[in-house]
Amino acid sequence: MAIKIYNSLTKKKENFEPAVPGEVKMYVCGPTVYALSHIGHARSAVSFDVISRYLASRGYKVTYARNYTDVDDKIINRANEEGVSSEALAERYIKEFDGDMAALGVQVPTYRPKATETIDRIIEVTKDLISKGVAYASGGDVFYAVRLFKDYGSLSGKNIDELEAGARVDINEIKKDPLDFALWKASKPGEPSWESPWGKGRPGWHIECSAMCMEWLGDTIDIHGGGRDLIFPHHENEIAQSEAATGKKPFVKYWLHNGFVNIEKEKMSKSLGNILNIQDALKENTPEAVRLFLLSSQYRSPIDYTGESLKEAEAATERFYKTLERIETEFPEVKDIDYCVSCNEEGFAPLFSAMDDDFNTAEAIGIVFKEVNKANRIMDKAKATGGKTGLTELAYAISLFNEASKFLVIFGKRPEDYFKMQKALSRIPAQEVEALIKARIEARKQKDFKKADAIRDELLSKGVQLEDTAKGTVWTVKG
RNA sequence: GGCGGCGUACCCAAGUGGUAAGGGAGCAGUCUGCAAAACUGCGAUGCGGCGGUUCAAAUCCGCCCGCCGCCUCCA
């Protein structure tokens, strides 16, 4: 069955057919590295991580580029505030971003170009656009003449005359038209700059993505992704630049845009002070739960983060790993049953058809949890009747979990590793918890249930929940 | 004002013509010293509202209401 992708350009779901059968060229707009990355950056990165991994797991050879915008006004301003060079600032936040991505299980893309490493190509494309008559130098700046690109507005559904009417009066009078945007900016003293035919300067924002696509992937690509907010003007401008420069269209066959993460129904913004950094989210939740939260709705829908949402994701993750652990300890023979994947591919059909339908991770997760319930039912029944039946079902469940984990990158850890990570989030030291558990076991032995319960209540009030199982007392962290 | 999107139970969320997945919370039961976990049952005769098409609608059409995003930098 064909993979269907919602294309922002045509506003329809289309069958996915890359230019070269079996190969996918994919580019995603990465972060501007001037501050710690927030949960919204994580959503974009995780969404496209799943998309690239899914395509790969379905047999495509995926070449994936995601850039770092490491030269930009915000970086320069922040660097000046801190009294460091913009290179150093950018480098620092690239490291932070990479660390955050690694924590969230985001695979390193094939290429991670930086704008500052692509300057030659940017200058080359800019020269090309000038020679084709669609861009002009003015002072030390170079602008793209938007009106000369006849399809301008096709991605965002904007009408150029209406944009013109609503455009703010631009103080920059060297532009011929207020809608024209900068390909190259003359640099002020102290700003990062490169030699160019127009004097010392630095690239504008939009051109870097066009240049990096050409440099690393080619003149035309299959998939281009980014946040919804990039549709206009960023991606609209990319199309204009790239198609004018190469003369090839479409520059991008499928445009994909992820929805936003809102905080308590509001957009994250500096002025509201409601930005949730990835690192802050990871202080109180396992990376796996954060990832599950981000994948629990389809990538185009907005997600609303509330105080409860990550806790819910943690509870669901815990449920999954408890079940997995239970299968492994109660039914160790299951791991020796080779569930034949190659001859039972239909067995994963629901999972694949969910993902084939515009990468519906929410549905895929639902399918996994249906299997979790089924597995627990089988094990409860075995316990009640004393006979072990349903081993094949359990083997199927395990292989379904494995398959899903290949592209979701959740449900794929060793249970003990998950619980270790969860325990690391405890507000009280593990040693202290273990000591109290020991004391409680002693109390229970002496049938001093009052004392035993008091210890349990005390731990619970500190976010540690105890469970007395056949294998002894275990504990989990409950926020 | 222009363009786009959304509205499914207490909360989150799938479902785009065939009779409402899944997770969390709640209540009850089994289990347990008691809990927790797991399982079972309960929970929308209903999918923002009103009409229409159809044997059949959350799904298609029309109108209305509410919410949100973009139109300036933004994942």
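Heavy atoms only: backbone and side chains are in, while hydrogens, waters and symmetry mates are out. Note that the structure is a prediction, hence the values are computed from the model and not measured. Lettering of chains follows the sequences in order, A, B, ..., and the numbering in each one begins at 1.
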Salt-bridge present ([X], [Y]; N to O < 4.0 Å):
X	Y	value
A:Lys388	A:Glu333	yes
A:Arg291	A:Asp49	yes
A:Glu393	A:Lys374	yes
A:Asp161	A:Arg147	yes
A:Glu14	A:Lys12	no
A:Lys478	A:Glu318	yes

Polar pair under 3.5 Å, donor/acceptor by atom type, side chain [X], base [N]:
X	N	value
A:Arg444	B:rG33	yes
A:Lys267	B:rC68	no
A:Arg43	B:rA75	no
A:Asp229	B:rG69	no

With a non-hydrogen cut-off below 4.0 angstrom, is [X] in contact with a base, only sugar-phosphate, or nothing?
X	answer
A:Val261	base
A:Leu230	sugar-phosphate
A:Gly366	base
A:His38	base
A:Ser301	sugar-phosphate
A:Ser47	nothing
A:Ala362	base
A:Gly40	base
A:Met268	base
A:Ser309	nothing
A:Arg440	base

*Do we count A:Phe449 as stacking onto B:rG33 if the rule is ring centres under 5.5 Å and planes under 30°?*
yes
Integer angstrom distance from the [atom1] of [N] to that of [M]:
N	M	atom1	value
B:rA9	B:rG22	C1'	14 Å
B:rA13	B:rA56	C1'	26 Å
B:rG23	B:rG29	C1'	22 Å
B:rU54	B:rG17	C1'	9 Å
B:rG49	B:rU40	P	32 Å
B:rA14	B:rC64	C1'	28 Å
B:rA25	B:rC68	P	29 Å
B:rG46	B:rA20	C1'	8 Å

*Looking at A:Asn360, does any N or O in its side chain come under 4.0 Å of the phosphate oxygens OP1/OP2 on B:rG15?*
yes
Roughly how many Å is it from [atom1] in [X] to [atom2] in [N], rounded to a whole number?
X	N	atom1	atom2	answer
A:His41	B:rA75	NE2	P	4 Å
A:Asn258	B:rC70	CG	P	13 Å
A:Leu163	B:rG1	CG	C1'	13 Å
A:Asn159	B:rG4	CG	P	12 Å
A:Lys370	B:rG23	NZ	C1'	13 Å
A:Gln298	B:rA21	CD	C1'	16 Å
A:Glu363	B:rG22	CD	P	12 Å
A:Glu236	B:rC70	CD	P	16 Å

*Could you check which of B:rA14, B:rC34, B:rG23 has an atom nearest any side-chain atom of A:Arg456?*
B:rC34
*Taking the side chain of A:Asp357 as heavy atoms from C-beta outward, which of B:rC34, B:rG15, B:rA13 is closest to it?*
B:rG15
*Decide whether A:Glu314 and A:Thr286 meet the rule of one side-chain donor and one side-chain acceptor closer than 3.5 Å.*
yes
*Under the ring pair (Phe, Tyr, Trp, His ring centres under 6.0 Å) criterion, do A:His41 and A:Phe97 qualify, and how do the steps go?*
CA-CA 9 Å; A:His41 297 110; A:Phe97 179 80; 7.2 Å; no
*asked:* Could you check whether A:Arg66 makes a cation-pi contact with A:Phe48, meaning its NZ or CZ is under 6.0 Å from the centre of the six-membered ring and within 45° of the ring axis?
replied: no
_Lys NZ or Arg CZ of A:Lys413 over A:Tyr321 ring: under 6.0 Å, within 45°_ = no
*Assign a letter to each nucleotide of nucleotides 36-42 of chain B from its 5' end: B, base within under 4.0 Å of a protein heavy atom; S, sugar-phosphate only; -, no contact.*
BSSSS--
*asked:* Looking at A:Phe232, I want to see if its CZ is surrounded by more than 12 non-hydrogen atoms of other residues, nucleotides or ligands under 6.0 Å.
replied: yes
*If you write RNA chain B from 5' to 3' in dot-bracket form, with Watson-Crick or G-U pairs under 3.5 Å, [ ] for crossing pairs and | for pairs with another strand, what do you get?*
((((((((.[[[..)..(...]]].(((((.......))))).....[[[[[..)....]]]]])))))))....
*asked:* Could you check whether any side-chain N or O of A:Asn262 sits under 3.5 Å from a backbone N or O of A:Asp304, counting only pairs where one atom can act as donor and the other as acceptor?
replied: no
_Go nucleotide by nucleotide along RNA chain B from the 5' end; which of A:Asp72 and A:Arg228 gets its closest nucleotide reached first?_
A:Arg228
_Among A:Met26, A:Arg112, A:Gln107, the one residue meeting side-chain contact (heavy atoms from CB on, under 4.5 Å) with A:Tyr64_ = A:Met26
